A.B. asks: 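The following block contains the structure, expressed as structure tokens.
In this text, all values refer to a predicted model and were calculated from it rather than measured experimentally. Every chain is numbered from 1, with letters handed out A, B, ... down the list of sequences.
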Amino acid sequence: MKLAKQAYSTYTDEQLMDEVVKGNSRAFTELYERYSKPMLNYFYKMLWQDKLKAEDFMQELFTKIIQKPHLFNSKLRFKTWIFSIANNMCKNEYRKQEVRKDSNNDLHDNMAINDGSDNQIKKVDESLFNDRLKEELKELSVSHREVFILRFKQGLSLKEIAEVLDVSEGTVKSRVFYTLKKLSASLKEFNPITVSLLLLLGIS
Amino acid sequence: MDFNKNDIEYYLLTKEYNSLTKEELAFVSDTIVSEAEYNSLRQLLLVMEEAPVEELLEPNPQIKEDLVIDFEKARWQKGAAAASTAKVIPLKEERKHKKNGLFWLSIAASLALLIGLYMSKDSFFNSSDNQMAQLEQKVVKETKTPKLEVEKQEETAVPFEDSNELEAAIVEEKTNTASQSSPIITQRNELMTNKDNKIAAGQTPTIEDADVLLEEDDLAEETITIGSANGKRDNYSLDQELSNDASNTFSSAEVVVADKILEKELALVAVDGEVSQDKNSKLTTSVKESVSLKGDKELIDLLYTAL
């Protein structure tokens with residue numbers, strides 16, 4: 001058992017997915033171990049820091065893989081494939097929220113305000129910058145936000161992001177730097193010197 | 001965050017604008033237009049790097065258990081579905097394949113048949129023609145062989161090939177036997193020699209001579225009938241006849257001989273008739289065969305034209 005587990009840990013994502021297609025549950029468990037945490041946090045960041053929603057989405061994502069493993073194209077990288085599924089799920093959710101927002105008088109904003117206010121109260125000492133960044137990210141368009149999260153939170157390369165979003169690498173590059181410029185302008189006060197001073201003064 | 005030298009973020013995080021080489025500056029300038037912009041982006045990335053790492057959320061362990069159960073269920077369902085489809089769908093496909101296979105097989109077979117017929121048409125008909133020719137030859141042979149057999153029989157039975165020789169032999173034998181065995185014949189011979197001598201001397205023969213002449217004519221007639229009959233006579237029967245003649249009077253003996261010869265000739269004619277009947281039957285069968293072959297050929301021609 002231990003040997004088998006070790007053997008699967010040496011498999012690439014694509015090899016594991018081939019085993020999943022064959023019905024190998026151990027391979028599926030290994031893939032879950034590798035991607036459950038990154039996907040949960042991706043959903044968490046993309047879906048208004050709602051942990052329950054993020055968990056629901058993460059479970060739904062793996063259920064899709066169980067039900068339709070044959071849809072995986074072994075020529076592509078599993079990482080980009082799973083992120084592209086997650087990204088599409090997020091986009092669908094944004095559309096749903098847009099509809100609800102119109103009918104329920106700005107529900108999404110209320111959710112964001114509540115979540116953000118709690119975080120601000122809880123973690124103002126630890127991560128003032130992160131909270132501000134989250135707030136600024138919410139202000140960004142979906143296309144710029146997803147690019148920023150994939151690039152700086154999930155650590156995907158420009159090429160991988162291009163594959164996930166099914167756009168050109170140049171488009172990804174321009175989106176990344178547009179987001180960086182906008183955030184740098186809005187978070188101007190958070191330069192290293194300012195942050196250091198704030199920390200020294202014990203304000204954060 | 002891990003960046004390599006192909007990423008602008010790498011230079012933003014590791015180098016100030018003034019410390020960039022010309023090549024690096026050229027690479028960065030594609031995206032960042034000014035030193036101020038470079039510095040502002042660098043400040044942001046440095047803050048992001050130095051900011052405390054956010055605690056990553058841990059997934060609920062119950063989710064994993066649920067997913068593993070779902071996976072097993074899905075696998076079982078797929079297995080059952082695969083088993084059922086393996087029983088049902090392949091049968092249909094197999095039928096299709098069988099149908100296709102039969103279809104193509106029939107086409108291939110018919111093509112092969114047509115090509116085969118076309119290729120072997122000439123040789124086939126030639127062979128049938130050959131068969132016909134062979135049959136004809138056979139018929140001709142068969143018509144010839146009985147004659148030969150008969151001739152052989154004749155050769156074995158009668159050493160004389162020519163009827164005149166036979167005639168002469170009979171006459172000679174008759175004269176011999178008559179001279180040797182019968183006094184009447186001896187007397188007749190004497191009379192004959194007398195007559196011949198008289199004729200040779202230019203004298204007219206007497207009444208006795210006339211009788212001799214009449215008898216001579218009868219003998220001549222007798223030999224003529226034997227020659228025309230073309231029959232078989234062995235030496236034994238001839239001797240017997242002649243010996244019988246010797247025991248009787250000259251004229252009655254000759255009549256008996258003539259009757260017997262006639263009987264034998266009739267028997268020979270009957271034998272010839274049987275032989276000819278056999279020949280006729282063989283000929284008719286061979287002709288029938290040739291006719292049936294011709295019919296077959298016509299049928300094959302019809303089939304070929306129909307195809």
A.B. asks: For the CD1 atom of Ile63(B) and the CG atom of Leu40(A), what is their distance to the nearest 0.5 Å?
C.D. replies: 7.0 Å
A.B. asks: Is Gln154(A) close to chain B through its backbone or its side chain, or both, or neither, when contacts mean heavy atoms under 4.5 Å?
C.D. replies: neither
A.B. asks: Around atom OH of Tyr94(A), are there more than 12 heavy atoms from other residues, nucleotides or ligands closer than 6.0 Å?
C.D. replies: yes
A.B. asks: Quick one: closest heavy-atom pair of Asn41(A) and Leu57(B), and the distance?
C.D. replies: OD1-N, 2.7 Å
A.B. asks: Taking all atoms of both residues into account, what is the closest heavy-atom pair of Ser184(A) and Leu44(B), and its distance?
C.D. replies: N-CD2, 3.7 Å
A.B. asks: For a quick test of reading the model, state the closest non-hydrogen atom pair linking Phe177(A) to Leu41(B) and the distance between them.
C.D. replies: CD2-CD1, 4.1 Å
A.B. asks: Is it the case that the side chains of Ser25(A) and Glu72(B) hold a donor-acceptor pair, with the cut-off being a distance below 3.5 Å and no angle test?
C.D. replies: yes
A.B. asks: To the nearest 0.5 angstrom, please state how far the CG atom of Asp7(B) sits from the OG atom of Ser157(A).
C.D. replies: 8.0 Å
A.B. asks: Identify which part of Gln67(A) has an atom lying under 4.5 Å from any heavy atom of chain B, answering side chain, backbone, both or neither.
C.D. replies: backbone
A.B. asks: Check each atom of Asn24(A) against the heavy atoms of chain B and say whether the ones under 4.5 Å are side chain, backbone, both or neither.
C.D. replies: backbone
A.B. asks: Would you say Asp166(A) has more than 12 foreign heavy atoms packed within less than 6.0 Å of its CG?
C.D. replies: no
A.B. asks: Do Thr63(A) and Asp66(B) touch side chain to side chain, with heavy atoms closer than 4.5 Å?
C.D. replies: no
A.B. asks: For Phe62(A), which atoms come within 4.5 Å of any heavy atom of chain B: side chain, backbone, both, or neither?
C.D. replies: both
A.B. asks: Is the shortest heavy-atom distance from the side chain of Tyr44(A) to the side chain of Leu56(B) under 4.5 Å?
C.D. replies: no
A.B. asks: Should Thr29(A) and Lys64(B) count as side-chain neighbours, where that means a heavy-atom distance under 4.5 Å?
C.D. replies: yes
A.B. asks: Quick one: do Ile66(A) and Arg75(B) satisfy side chain to side chain contact (heavy atoms under 4.5 Å, CB included)? Show the steps, please.
C.D. replies: CA-CA 9 Å; Ile66(A) 289 166; Arg75(B) 191 173 68 168; over 6 Å; no
A.B. asks: Closest approach of Lys173(A) and Ile8(B), non-hydrogen atoms and distance?
C.D. replies: CE-CD1, 4.1 Å
A.B. asks: Can you find a heavy atom in the side chain of Val68(B) that is under 4.5 Å from one in the side chain of Tyr32(A)?
C.D. replies: no
A.B. asks: For residues Leu187(A) and Met48(B), determine if any side-chain heavy atom of one lies less than 4.5 Å from a side-chain heavy atom of the other.
C.D. replies: no
A.B. asks: Between Ile32(B), Asn6(B), Thr31(B), which shows the greatest number of heavy-atom pairs under 4.5 Å with chain A?
C.D. replies: Thr31(B)
A.B. asks: Below 4.5 Å, heavy atoms only, C-beta onward: do Met58(A) and Pro59(B) meet side chain to side chain?
C.D. replies: yes
A.B. asks: Side chain, backbone, both or neither: which part of Val176(A) has an atom under 4.5 Å from a heavy atom of chain B?
C.D. replies: side chain
A.B. asks: Evaluate the side-chain proximity of Glu9(B) to Phe152(A): yes if any heavy-atom separation is below 4.5 Å, no if none is.
C.D. replies: yes
A.B. asks: Considering residues, nucleotides and ligands other than Gln62(B), do more than 12 of their heavy atoms fall under 6.0 Å from its CD?
C.D. replies: yes
